[in-house]
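Everything below concerns the one structure shown next.
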Amino acid sequence: MNYFIEGLQGSGKSTLVRKLSELHSDYTAVREGEYSPVELSWCAYMDETAYHGILEKYPDLRQSIEEKTVSEGNRKIVCYTKIKTANRGFYKDLEQYEIYNNRVSYDDFKSIVLSRYRAWNQDNMIFECSLFQNIVEDMILFRCASDDEIMEFYQDIRNMLHGKNYHVIYLKTDDIRGNLEVIRKERSDDKGNEIWFPLMLGFFNDSPFAKKNGLNGEDDLILHFQHRQKLELQICGEIFLTKYTVIPSKAYSDGDLAMPW
């Protein structure tokens, strides 16, 4: 069996992945930004020419880049956010090779996503945030896709997963604003200055979806998260049918995590 841990930002996905990993040591956990056979968040997806161009541009980081690179056919996947450097230009350069946020055409995006789900053939894995968040955010905020279009996309994903053993564990939150408050404090510097939330808010405010619909600010961001959670739960219920379990965000015990699913 394999598990996809899903939910909104601040719902406790990372904590749940850690707990499951501790309880089930025979499973391999794949966290955001690490190499994943199914997901490409926080990773550059590059051809050979672009990859060697980056190696030449950043010779002092060559060893680190190579250590964080996985080859898939004629593509290189670079887990660049796991590379430590004070050179912010490096992250900007590699970010341009992500597949999300409308950086590739819709046809290419769909082909890349579906082909990687189809090719995946491993077991005993726990995936953090590898099924919903990045795909759904891309389609809503940057491609302005309708709910029906997103549902159709996930029908295709389900078809690619046919015959594979997997279960979606969705952390549902009834207090989106409260959860955001917690991670705003957690992801602040030692002087209390927020680091994560201003970036998250800017990401939302600058998206084509927000601009198209005149949305801006924290209240509109929360409304977006409410809509996203409702849609993701609808996908679970209508697309993944018996292959999902909803548990309350941050309101479960270790006894609930014995993997009976």
Side-chain angles (χ1 to χ4, degrees), residues 1-24 27-34 36 38-39 41-42 100 125-141 147 150-151 154 157 166-188 194-201 203-204 207 215 217-261:
M1 185 55 70
N2 301 276
Y3 296 95
F4 290 98
I5 311 304
E6 300 296 327
L8 298 179
Q9 289 90 328
S11 60
K13 296 186 295 294
S14 297
T15 299
L16 179 54
V17 169
R18 176 179 57 77
K19 284 180 175 290
L20 287 173
S21 299
E22 292 170 351
L23 289 168
H24 307 279
Y27 276 70
T28 299
V30 180
R31 297 170 176 82
E32 270 200 299
E34 298 175 346
S36 166
V38 297
E39 227 274 341
S41 64
W42 305 107
Y100 301 103
M125 303 192 76
I126 303 169
F127 294 103
E128 177 188 6
C129 207
S130 294
L131 188 61
F132 287 149
Q133 179 169 292
N134 299 293
I135 294 172
V136 175
E137 290 278 46
D138 174 278
M139 294 192 72
I140 293 176
L141 296 182
D147 288 2
I150 295 171
M151 293 289 287
Y154 274 91
I157 289 178
Y166 67 93
H167 199 87
V168 182
I169 305 173
Y170 196 94
L171 289 161
K172 180 179 182 292
T173 178
D174 294 321
D175 186 11
I176 295 173
R177 192 182 297 272
N179 280 356
L180 287 178
E181 288 293 335
V182 171
I183 56 175
R184 288 174 70 168
K185 292 176 181 177
E186 290 176 348
R187 300 178 187 181
S188 298
E194 293 185 3
I195 299 173
W196 172 80
F197 188 71
L199 295 174
M200 178 71 245
L201 192 58
F203 174 81
F204 172 74
S207 70
L215 306 176
E218 182 176 343
D219 289 343
D220 286 338
L221 174 63
I222 290 172
L223 288 174
H224 161 64
F225 282 147
Q226 289 173 345
H227 167 239
R228 208 189 94 199
Q229 179 171 256
K230 181 180 178 181
L231 175 60
E232 290 172 356
L233 289 170
Q234 182 182 355
I235 294 170
C236 286
E238 296 184 19
I239 303 295
F240 294 113
L241 304 173
T242 61
K243 291 182 174 289
Y244 79 99
T245 298
V246 178
I247 62 176
S249 170
K250 304 177 184 178
Y252 55 85
S253 67
D254 287 354
D256 297 323
L257 306 180
M259 289 189 177
W261 310 289

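What you see is a predicted model; the values in this text were computed from it and never measured. Below, each value reflects all heavy atoms present in this structure, side chains not excepted, and no hydrogens, waters or symmetry copies.
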>> Once rounded to the nearest 0.5 Å, what's the spacing between atom CD of Glu137 and atom OG of Ser207?
In response: 8.5 Å

> Checking side-chain contact (heavy atoms from CB on, under 4.5 Å) for the pair Tyr100/Ile135: CA distance, chi angles, key distance, verdict?
Replying inline: CA-CA 7 Å; Tyr100 301 103; Ile135 294 172; 4.3 Å; yes

> Are the side chain of Ser249 and the backbone of Thr173 linked by a donor-acceptor contact shorter than 3.5 Å?
Replying inline: no

> Quick one: are Phe225 and Gln9 in side-chain contact, heavy atoms under 4.5 Å?
Replying inline: yes

>> Quick one: does any side-chain atom of Ser188 pair with a main-chain N or O of Glu186 as donor and acceptor, under 3.5 Å?
In response: no

> Say you draw a straight line from CG of Asp220 to CZ of Phe204; how long is it, rounded to the nearest 0.5 Å?
Replying inline: 5.5 Å

>> Restricting to non-hydrogen atoms, name the atom on Val168 and the atom on Cys236 that form the minimum distance, rounded to 0.1 Å.
In response: CG1-SG, 4.3 Å

> Would you call the rings of His24 and Tyr27 parallel, tilted or perpendicular, where under 30° means parallel and over 60° means perpendicular?
Replying inline: perpendicular

> Taking the side chain as C-beta and beyond, is there a heavy-atom pair between Thr15 and Lys250 under 4.5 Å?
Replying inline: no

> Which salt bridge (charged side-chain N to carboxylate O under 4.0 Å, His left out) pairs, counting each pair once, include a residue from residues 4-19, with sequence neighbours left out?
Replying inline: Arg18-Glu22, Lys19-Asp254

> From Ser41 OG over to Asp138 CG, what is the distance, rounded to the nearest 0.5 angstrom?
Replying inline: 12.0 Å

> Looking at side-chain heavy atoms only, is the closest gap between Leu180 and Leu8 below 4.5 Å?
Replying inline: no

> What is the minimum heavy-atom distance between Ser36 and Val30, and which atoms define it?
Replying inline: CB-CG1, 3.6 Å

>> If I take atom NE2 from residue His224 and atom CD1 from residue Ile140, how far apart are they, to the nearest 0.5 angstrom?
In response: 5.5 Å

> Do Met151 and Ile235 touch side chain to side chain, with heavy atoms closer than 4.5 Å?
Replying inline: yes

>> In the structure I gave you, are the side-chain heavy atoms of Leu221 and Phe197 within less than 4.5 Å of one another anywhere?
In response: yes

>> When you compare the side chain of Ile126 with that of Leu16, does any pair of heavy atoms fall below 4.5 Å?
In response: no

> Roughly how far apart are Leu20 CG and Ile169 CD1, rounded to 0.5 Å?
Replying inline: 5.5 Å

> Considering all heavy atoms of both residues, which atom of Thr242 and which atom of His167 are nearest to each other, and what is their separation?
Replying inline: O-CE1, 3.6 Å

> Say you draw a straight line from CD of Glu218 to CG of Leu223; how long is it, rounded to the nearest 0.5 Å?
Replying inline: 11.0 Å

>> For Arg187 and Met200: C-alpha separation, side-chain torsions, deciding distance, then whether side-chain contact (heavy atoms from CB on, under 4.5 Å) applies.
In response: CA-CA 11 Å; Arg187 300 178 187 181; Met200 178 71 245; over 6 Å; no

> Quick one: salt bridge (charged side-chain N to carboxylate O under 4.0 Å, His left out) pairs with a partner in residues 231-241, sequence neighbours left out?
Replying inline: Arg228-Glu232

> Between Ser14 and Glu128, is any pair of side-chain heavy atoms under 4.5 Å apart?
Replying inline: yes

>> Which residue is it: Tyr154, Tyr244, Phe4? I am looking for the one with a ring-ring contact (aromatic ring centres under 6.0 Å, His included) to Phe132.
In response: Tyr154

>> Taking the side chain as everything from C-beta on, heavy atoms only, tell me whether Gln229 gets closer than 4.5 Å to Tyr170.
In response: yes

